[in-house]
Colleague: 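Please find one structure pasted underneath; my questions will follow.
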Amino acid sequence: MPRLARKLSTLLLSAFLLGASLTVAEPRPARAEEPVVDTYALIAVYILNFAKFTSWPEQSFPSPESGIILGIFGDDVFGDTIDTIAGKTVHDRPLIVHRLGLGGNPRDCHILYVAASERRRLHQILAAVAPLPVLTVSDMDDFAAAGGMIQLQKKAGRIHLLINLTAAQRAGITLRSGLLKIATIVAPRQ
Amino acid sequence: MPTLPCPKKITAILATAILPLLATAHAAEHNGRDDLTELSLADLAQVTVVAASKKEQHISQVAASAFVISHDEIHRHGYRTLGEALGRISGMYLSSDRNYDYLGVRGYSLPGDYNTRILLLIDGHRSNNALYDQAYMEGGFPVDLESIDRIEVVKGPGSALWGNNALLAVVNVITKKGKDLDGGRIMAETGSHQHRKLYLEYGQIAANGLSLAGSLSALDAAGENHIYFPELDQPNFNNGVAQDVDGEQAYKGYLSLAYKNFGLLFTHAKRTKTPPPAAWDGAFNDPNAYTVDKTTALEVTYSTNLLAEGNGHLFTRLYHDRAAYYGDYPYHENAGWSGDTITNKDEGSSRQWGGEIRYSMAPWQNLSLTVGLEYLDVYQVIQKNWDAPPYSSVALDTSANQGTYAISSGYAQGEYNLLANVTLIAGLRHDDYSTFGSQWSPRAALLYSPRLTTTLKLLYGEAFRAPNDYERNYDDGSYMVGNTSLGPEDIQTWELVCEQNFGNHTRLVASIFRFEMHNQITQQTIPGDLLQFQNNPDEVRSDGAELQLETTFDNDLSGYLSLSTENTKNRTTGSRLDNSPTVLAAGGLSMPLWDEKLHLAPEVRFIGKRNSTATGETLAATTTANLSLTADSLFGNLDLSFNIYNLFNRRHTTPGAGEHYHYDNASDTYLYFDIPQDGRTFRCQLSCRF
């Protein structure tokens with residue numbers, strides 16, 4: 001039935017064009033307070049806010065001008081979206097993004113984002129940074145309970161925060177109340 | 001002449017497609033890119049997100065030697081086909097009979113085999129067709145290379161998860177999604193031998209969360225106008241020169257939609273090729289010969305998290321595919337270069353639908369499990385061969401013959417973290433064929449990371465391939481006979497892989513392997529006759545070592561180096577397989593010349609010497625060099641690229657298959673021949689984003 005194939009192709013082409021027209025023609029979201037964005041674009045902004053609500057020990061910075069280093073370990077899940085926060089000033093320090101891949105040193109960071117791809121080596125990664133004041137962040141399941149500090153959990157299309165306060169305190173990191181207020185505090189698994 | 005689709009029609013479609021997009025492109029710019037960094041924490045909690053296509057695992061954690069070829073790498077090196085891109089992976093090499101291209105893996109690329117031992121997926125959707133098991137590596141691949149976000153390559157057996165065909169490698173082509181495009185692009189391309197292509201893509205994520213991406217492309221090329229076959233250098237065969245019989249036309253389209261938990265993938269492609277070899281003693285140098293390959297796939301997916309914690313992921317897919325091939329093969333009434341020209345027509349098509357349900361869960365911190373059920377119903381298989389009027393003799397018609405079949409499958413895979421840095425993986429799949437019973441495919445892997453930067457993998461796996469209807473039932477009585485007692489072939493593979501990362505820029509993967517293939521399905525010739533048939537006579541063993549180095553620096557300098565050596569032998573005869581080089585090497589570099597906008601990318605590929613049983617020749621080792629220059633984001637939205645392939649115009653040849661012969665009545669002999677490959681060619685692309 002080549003005719004059916006042709007009809008089907010035409011139909012799908014039309015659907016494609018219609019879809020294309022609809023997506024671009026749709027006006028700005030009616031409910032402006034609910035914009036829709038890419039998950040990682042939003043997580044990037046969360047990370048910027050984590051930096052704002054976190055105090056690191058002064059000795060973790062080589063000089064008063066040195067930046068807050070955000071390391072991304074594992075897959076580069078952010079791509080270009082991380083550029084929206086790179087270079088922003090927090091506590092008078094610039095936020096510097098380092099993509100660590102798999103070979104970079106996670107101990108050189110102030111904030112370590114562990115991509116979900118690294119689930120299997122999570123224990124190794126957390127152990128590597130455990131004594132240091134490194135704020136560990138991830139969107140992987142079970143991250144906070146496993147010893148990570150801030151877990152971003154997607155639920156019903158929104159991001160929820162789970163914070164393992166004990167882990168942060170052990171590392172000598174202070175998380176301010178503004179952050180704790182909107183998060184769920186979880187107990188680390190023993 | 002075959003009736004080819006009119007390029008004008010495609011141009012018209014492209015034009016109607018572009019206009020509405022251009023008109024509304026401006027509106028698209030503002031969507032979803034408000035400055036979120038100004039929002040407070042409380043506001044952020046109100047933002048709705050759409051699913052990002054995050055990869056679940058880093059490739060170093062995949063239980064196999066796994067590689068990724070990115071869109072950037074395809075673009076910078078100007079790969080024209082899927083096969084060309086895959087040739088950069090250690091142990092992989094490409095051959096062409098100028099009708100289809102064939103991907104060799106680990107010294108295995110039998111002439112006459114349609115890539116049946118490689119499982120090719122598009123966004124996880126099976127692309128090997130049901131009738132021939134063919135995986136298209138050339139222009140027949142249904143998705144234009146411009147629309148590929150990345151290619152995931154896993155070497156070794158994959159049947160424990162994927163079932164049929166996954167003997168040597170699983171290649172998963174990931175198409176671009178709405179978030180990868182964020183706008184439109186139109187591209188025009190021209191090159192040697194009247195090569196012309198038009199390409200249009202568009203994609204974005206709409207305000208309502210709908211992610212859309214799609215592309216359309218049309219290609220027309222005359223091909224090499226002078227191909228010299230030295231074995232056919234006789235007056236009867238135009239002194240071995242095939243003139244103007246290498247044309248190609250291809251039309252492709254894909255559409256990818258995602259909305260909330262639903263996804264849709266549609267691909268459609270039609271490729272027409274004139275095959276210069278005129279195989280099966282066809283009329284040499286006849287411009288009326290052609291083959292057409294058409295594929296259509298439609299798949300709908302639904303995925304959801306069943307448990308609130310994000311644990312318990314359910315994935316389902318439902319699909320319908322069609323594949324059709326037909327060709328005109330003119331031949332001369334009397335053997336050799338005499339008599340009337342008769343057009344032999346060959347046709348094959350299949351239709352199938354299928355579904356899959358997969359459930360992944362992590363019941364405990366240290367254990368994750370995946371279980372799945374799959375069903376595939378190939379409800380129509382047709383093969384026909386006949387001579388066109390006035391001869392009208394039908395040699396084959398399987399319309400009434402029930403070549404249809406169904407496969408019910410189930411699989412399970414578990415991953416258990418024995419220690420913080422040791423993971424054990426075990427998987428098993430069962431495929432139940434309605435035609436010849438069941439197949440079990442197990443695999444096991446041990447992953448050990450002594451350091452964060454080092455991973456060792458010890459792997460074992462089994463895989464199989466069921467004989468297809470073409471191999472079992474193609475019987476025209478004069479060129480090929482069927483073999484309905486043909487059984488499945490299977491493979492066992494052992495592998496040790498070491499992965500080492502240096503800094504955030506360099507990855508080294510080294511592996512040693514052995515595979516043993518049993519009951520290999522082989523095209524054989526009946527002794528003293530030209531009749532070909534498929535049989536299960538052979539045992540094959542391959543031992544080899546592979547090395548792949550990939551590096552990407554922050555300043556945009558990147559490169560790769562791949563080396564491999566393989567000893568792939570037929571254990572029954574003790575001889576090295578046809579088209580099986582001992583040594584393969586490839587290397588490429590992409591250098592930023594100016595402001596990350598201008599890149600120069602040289603590349604060299606080496607294929608060691610290969611045997612050709614058909615001609616009895618040992619084909620010399622070949623080195624080909626390619627050079628690409630790409631200029632991106634000129635004036636904001638223009639991309640320009642210029643590529644030269646086979647820069648030094650090296651002559652090189654691919655071993656011919658059993659069907660590559662002509663009868664010469666002057667000498668009363670059959671002239672077998674190998675296949676000359678392209679000389680130096682160039683290509684130029686200009687694209688504009690909107």
Colleague: Where do A:Lys88 and B:Thr37 come nearest, in terms of heavy atoms and distance?
Modeller: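 So the minimum-distance heavy-atom pair works out to NZ-OG1, 3.3 Å.
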Colleague: Check the pair B:Leu41, A:Leu179 against side-chain contact (heavy atoms from CB on, under 4.5 Å), reporting the backbone distance first and the verdict last.
Modeller: CA-CA 7 Å; B:Leu41 270 176; A:Leu179 179 58; 3.9 Å; yes
Colleague: Kindly compute the distance separating CG (A:Leu42) from CG (B:Leu44), expressed to the nearest 0.5 Å.
Modeller: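 These two atoms lie 5.5 Å from each other.
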Colleague: Enter the distance from B:Ser368:OG to A:Asp141:CG here, rounded to the nearest 0.5 Å.
Modeller: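 Separation between the atoms: 11.0 Å.
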Colleague: In terms of heavy-atom proximity below 4.5 Å to chain B, should A:Leu122 be classed as side chain, backbone, both, or neither?
Modeller: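 Looking at A:Leu122, nothing touches chain B.
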Colleague: Count the heavy-atom pairs under 4.5 Å between each of A:Leu100, A:Ile43, A:Ile85, A:Asp80 and chain B, then report the option with the highest count.
Modeller: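 Answer, by heavy-atom pair count under 4.5 Å with chain B: A:Leu100.
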Colleague: If I take atom CZ from residue A:Arg119 and atom OG1 from residue B:Thr423, how far apart are they, to the nearest 0.5 angstrom?
Modeller: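 Rounded to the nearest 0.5 Å, the CZ-OG1 separation comes to 11.0 Å.
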Colleague: Taking all heavy atoms of B:Thr453 and all of A:Leu102, pick out the closest pair and write down the distance.
Modeller: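 Shortest heavy-atom separation between B:Thr453 and A:Leu102 comes out as CG2-O, 3.7 Å.
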Colleague: Please assess A:Ile125 against B:Leu452 for the test side-chain contact (heavy atoms from CB on, under 4.5 Å), listing each intermediate value before the final yes or no.
Modeller: CA-CA 7 Å; A:Ile125 296 165; B:Leu452 268 180; 3.6 Å; yes
Colleague: Under 4.5 Å heavy-atom distance to chain B, tell me which part of A:Lys181 shows up: side chain, backbone, both or neither.
Modeller: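 When you check distances to chain B, no heavy atom of A:Lys181 falls under 4.5 Å.
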Colleague: Heavy-atom count check: over 12 atoms from other residues, nucleotides or ligands less than 6.0 Å from B:Asn555 CG?
Modeller: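 Above 12, so yes.
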Colleague: Relative to chain A, which segment of B:Asn421 carries a heavy atom at a distance below 4.5 Å: side chain, backbone, both, or neither?
Modeller: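 Both backbone and side chain of B:Asn421 come within 4.5 Å of chain A.
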Colleague: Please name the pair of heavy atoms, one in A:His123 and one in B:Ala420, separated by the smallest distance, quoted to 0.1 Å.
Modeller: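 Between these two residues, the closest heavy atoms are CB-CB, 3.7 Å.
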Colleague: Among A:Gly79, A:Gly178, A:Gly104, A:Ala41, which has the most heavy-atom pairs under 4.5 Å with chain B?
Modeller: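 The answer is A:Gly104.
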